Trainee: 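One structure, pasted below without further comment.
Here is the naming used below: chain letters follow the sequence lines, and residue numbers restart at 1 for every chain. Keep in mind that the numbers below use all heavy atoms, side chains included, and drop hydrogens, waters and symmetry copies. Since this is a predicted model, take the numbers as computed values, not measurements.
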Amino acid sequence: MTTTAAHIVEVAIPLPLEGHFHYLVPEPLVPRALPGTRVLVPFGRRKLTGYLLGSAPAAAGELKEILDVLDEAPLFTPDELEFYRWIANYYLHPLGEVIKMALPAGINLVSRYRCETAEDGTPVIREFLAGGRNVRLERFYAALPDPPVKPRGKGLEILEYLEYLRESDESAEVSGADLRARFGPCTPQLNRLVELRAVRTAEHEVYRDPFKTQIFGKDQALELNEEQKAAHGRIAEALRAGSFAPFLLHGVTGSGKTEVYLQSIAVALELQRTALVLVPEIALTPQLVGRFKRRFSCGIAVLHSGLSDGERYDEWRRIRRGEAQIVIGARSALFAPLSDIGIIVVDEEHEGSYKQSEGVRYNARDLALVRGKQAGAAVVLGSATPLITSFYAARQGRLGYLKLPNRVRELPMPATQLLDVRGKKGLTFLPELVQAIEENLDVGGQTLLFLNRRGFATYLVCEDCGHVMRCPNCEVTLTYHRGKGRHICHYCDYSLPAPSVCPTCKGKEITLLGRGTERVEEEVQERFPLARVARMDRDSTKGKGGHARVLKALEDGSVDILIGTQMIAKGHDFPGVTLVGVISADASLNLPDFRSSERTFQLVTQVMGRAGRGDRPGRVLVQTLAPEHYALSHAVAHDYEGFYDQEIAFREEVGYPPFAHLAALTFSGIDSRQTEQSAQEAARLLRKIKGEVRLRVEILGPVTAPLGKVRGRYRWQILVKGRERSELHRVLFHLRGSFSHPSTIRLVIDVDPVEML
DNA sequence: AGCACGCCGACT
DNA sequence: GTCGGCGTGCTC
């Protein structure tokens, strides 16, 4: 046995590189070089932070030595590492980058170079390390007994205050920031007090608490109805059993899902376990955090991308130290360093915002199941309109199915009606909708008008030659935004000033076809001049608080009619809304995406759910060119089962399996001669698939010819959106004849992990 | 990702 | 003559 063998470690580097690297650990660092710590390593001619994975048995070649161990204690546990490895493997992403993404931002050291001028005037390049931890230290003050001398003036006031505190608590300390808040600027006085030995001082780490100044009241568990009790009972039973148990909580809008979450979490806490709650958007966290703070007296941490690096790091440390038992946040909260998780809630599990689409591409809804499995936790996927995938998994018995078919407090579901707009294309509102809005205004109810198209006109046609204005990059039609006075591409943000001349015939007459929210807002104002009208979409809510401002106006009743895009469909609870009008349900129905029916059903159901949540019943009118489409007919009938049955049948028929989030293509055991054939077959299949496709391409075997950008890699993945389909064809083209020996190419698609657990 | 090495075009 | 363009290759 050699002594050095034990001192070889495996290190993951946060760079887009396959594989890990091995280093020697110098003797003095051995006790500190634990798995889960960050280490500073020489890498090429740079110094980088890597993550120590564990000891390695032996390694070939010359090894470099670790320069330093950067942490006193591991940042991640073996369990967490296992989770990171799962992610790296599933999403084909380097482990080092996965770990970096999972840990709070801004704590890594990297070498940088700086040009300095030496004393003799010659420039020198100095290497230094940038980045690093981000702990806030604050100075605390406490009175000492029997001060030898007392100052006068403000100094005396401060001293008397500190002495007063000391009487009730020997160890009472006050931060400099608190003293300055109380006494105004007083740094010189404080320094003087320390100098006089009347006050002692110490530095402590402090947390930056995003909710510090808010005061929360207390509330109590609400009475559950029968279905809520049944759902809660099954979750509680699973928690007591203590093993992995995934559930789909299918509760109609307004059915009280949150109360089920709260009471289930209470059970987990009683069992001394912790809880993780994921919400789709930052905008929804404050509302929910308030509700949790009123209900629970334990530590609650919040994690989302709206926090500063410092705040996030502080919340992370609180969680790691076990000072928070509940974590609430957006998708990145999935990586909260909670120990012994008992329950993971994924609220509005159907929301697309659970997908991370930059860097490590992951879906927090999927990974919640994986983390839950590893932790032996209950995982509750909650939604009024679950993913087809989830519903299918529930049917197959892979997810426990918990149903809340009724609204709480015996509120009825809104009365709904489809309005056929065929042959009435010029009208924004059919007479029935106009009348319903008038009636609703008369009785003082609020109205939501939903249209999933921003801007003023969505289709710009030249009167003279019929040319349609399109984006030169994306081929999509340009949308006219009256507010900005520009023609804008909603795909890439390319824009032209308006009014524009026709690019082909230089004609000046451009007809504005198609309606966006801007035009609907204008029409509503013309038609209902006395109504107070507001608009909510990406354009009208730009900047911080824009979103909250519109919602506040709706809440306090200063808006009668709100026009908006899907933003208005999301989980807000406004008791004053009694009428919902869908201007056109067709925009989302005709998107080139194999999930357009699913999306439309979800969107229409969600927006319908905003109606009648208060004391008065709600009414919904849906205008469409396709009233017999099953997504719409089932939505307005509140017939979930019917819709899911039909959609699952459709998926099976067209070959988009209902257990896959994306479409599936698998090619295995292909040798060089079959490659061309398979590329052609893949291209043919891909033409049939609409929407987004993520392909994992694995080549097992030697690659002998250049493969464009992917040369030298044996595994990679490509995400292909509709308009990038040609990019995939290019890659597949490159695959042809690239293998001198029989190889295996597998093109695999994302499958819901619940199918694999 | 960086950073070096290397091999060709337009510059003081 | 060399400065710098980015193609290619490597990092324990």
Trainee: Please name all residues satisfying side chain to side chain donor-acceptor pair (under 3.5 Å) with A:Arg371, sequence neighbours left out, ordered by chain then number.
Mentor: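 Scan of A:Arg371 (side chain to side chain donor-acceptor pair (under 3.5 Å), adjacent residues dropped) gives none.
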
Trainee: Between atom OH in A:Tyr51 and atom P in C:dC12, what is the gap in whole Å?
Mentor: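 After rounding, the gap between these two atoms is 18 Å.
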
Trainee: Determine whether the side chains of A:Glu349 and A:Ser390 contain a donor N or O and an acceptor N or O closer than 3.5 Å.
Mentor: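 Yes, A:Ser390 and A:Glu349 have a side-chain donor paired with an acceptor closer than 3.5 Å.
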
Trainee: Using a cut-off of less than 4.0 Å, is there contact between a side-chain N or O of A:Arg45 and OP1 or OP2 of B:dC3?
Mentor: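 Answer no for this pair, as no side-chain N or O of A:Arg45 is under 4.0 Å from OP1 or OP2.
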
Trainee: Find the distance A:Leu15:CG to C:dC12:P and express it as a whole number of Å.
Mentor: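 Going from CG in A:Leu15 over to P in C:dC12 covers 11 Å.
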
Trainee: Does A:Tyr23 reach a base, just sugar-phosphate, or nothing at all? Heavy atoms under 4.0 Å.
Mentor: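 Sugar-phosphate contact only.
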
Trainee: Give the rounded distance in Å between these two atoms: CD of A:Glu97 and P of B:dA1.
Mentor: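 So the two atoms are 8 Å apart, to the nearest Å.
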
Trainee: Output the rounded distance in Å from CD1 (A:Ile13) to P (C:dC12).
Mentor: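 Taking CD1 of A:Ile13 and P of C:dC12, I get 8 Å after rounding.
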
Trainee: Classify A:Pro14 by what it touches in the nucleic acid, base, sugar-phosphate, or nothing, heavy-atom distance under 4.0 Å.
Mentor: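 No contact.
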
Trainee: Using the side chain to side chain donor-acceptor pair (under 3.5 Å) criterion, which residues pair with A:Ser305? Sequence neighbours excluded.
Mentor: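 Testing A:Ser305 for side chain to side chain donor-acceptor pair (under 3.5 Å), a comparison that skips the adjacent residues, returns none.
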
Trainee: List for me each residue that meets side chain to side chain donor-acceptor pair (under 3.5 Å) alongside A:Tyr51, sequence neighbours excluded, and say none if there are none.
Mentor: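 With neighbours one apart ignored, the set is A:Asn108.
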
Trainee: Just the rounded figure in Å: distance from C1' of B:dA1 to CZ of A:Phe21.
Mentor: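 Computing the A:Phe21:CZ to B:dA1:C1' distance gives 12 Å.
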
Trainee: Compute both the distance and the angle, then confirm whether A:Arg317 meets the cation-pi test with A:Tyr313: under 6.0 Å from the six-membered ring centre, within 45 degrees of the axis.
Mentor: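 That pair qualifies as a cation-pi contact.
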
Trainee: Wobble G-U and Watson-Crick pairs count when both distances are under 3.5 Å; given that, what is the 5' to 3' dot-bracket string of DNA chain C, with | for pairing to other strands?
Mentor: |||||||||||.

Trainee: Provide, to the nearest angstrom, the distance between the CG atom belonging to A:Leu63 and the P atom belonging to C:dT11.
Mentor: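 After rounding, the reported distance stands at 12 Å.
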
Trainee: To the nearest Å, give me how far apart CZ (A:Phe43) and P (B:dG2) are.
Mentor: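 Whole-Å distance recorded here is 11 Å.
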
Trainee: Can you tell me how far P of C:dC12 sits from CZ of A:Arg46, to the nearest Å?
Mentor: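 These atoms are roughly 10 Å apart.
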
Trainee: Who are the side chain to side chain donor-acceptor pair (under 3.5 Å) partners of A:Asp79, not counting sequence neighbours?
Mentor: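 Partners of A:Asp79 under the side chain to side chain donor-acceptor pair (under 3.5 Å) test: none.
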
Trainee: Can you list the residues that meet the side chain to side chain contact (heavy atoms under 4.5 Å, CB included) rule with A:Glu97, with sequence neighbours excluded?
Mentor: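 Testing A:Glu97 for side chain to side chain contact (heavy atoms under 4.5 Å, CB included), a comparison that skips the adjacent residues, returns A:Pro16, A:His93, A:Pro94.
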
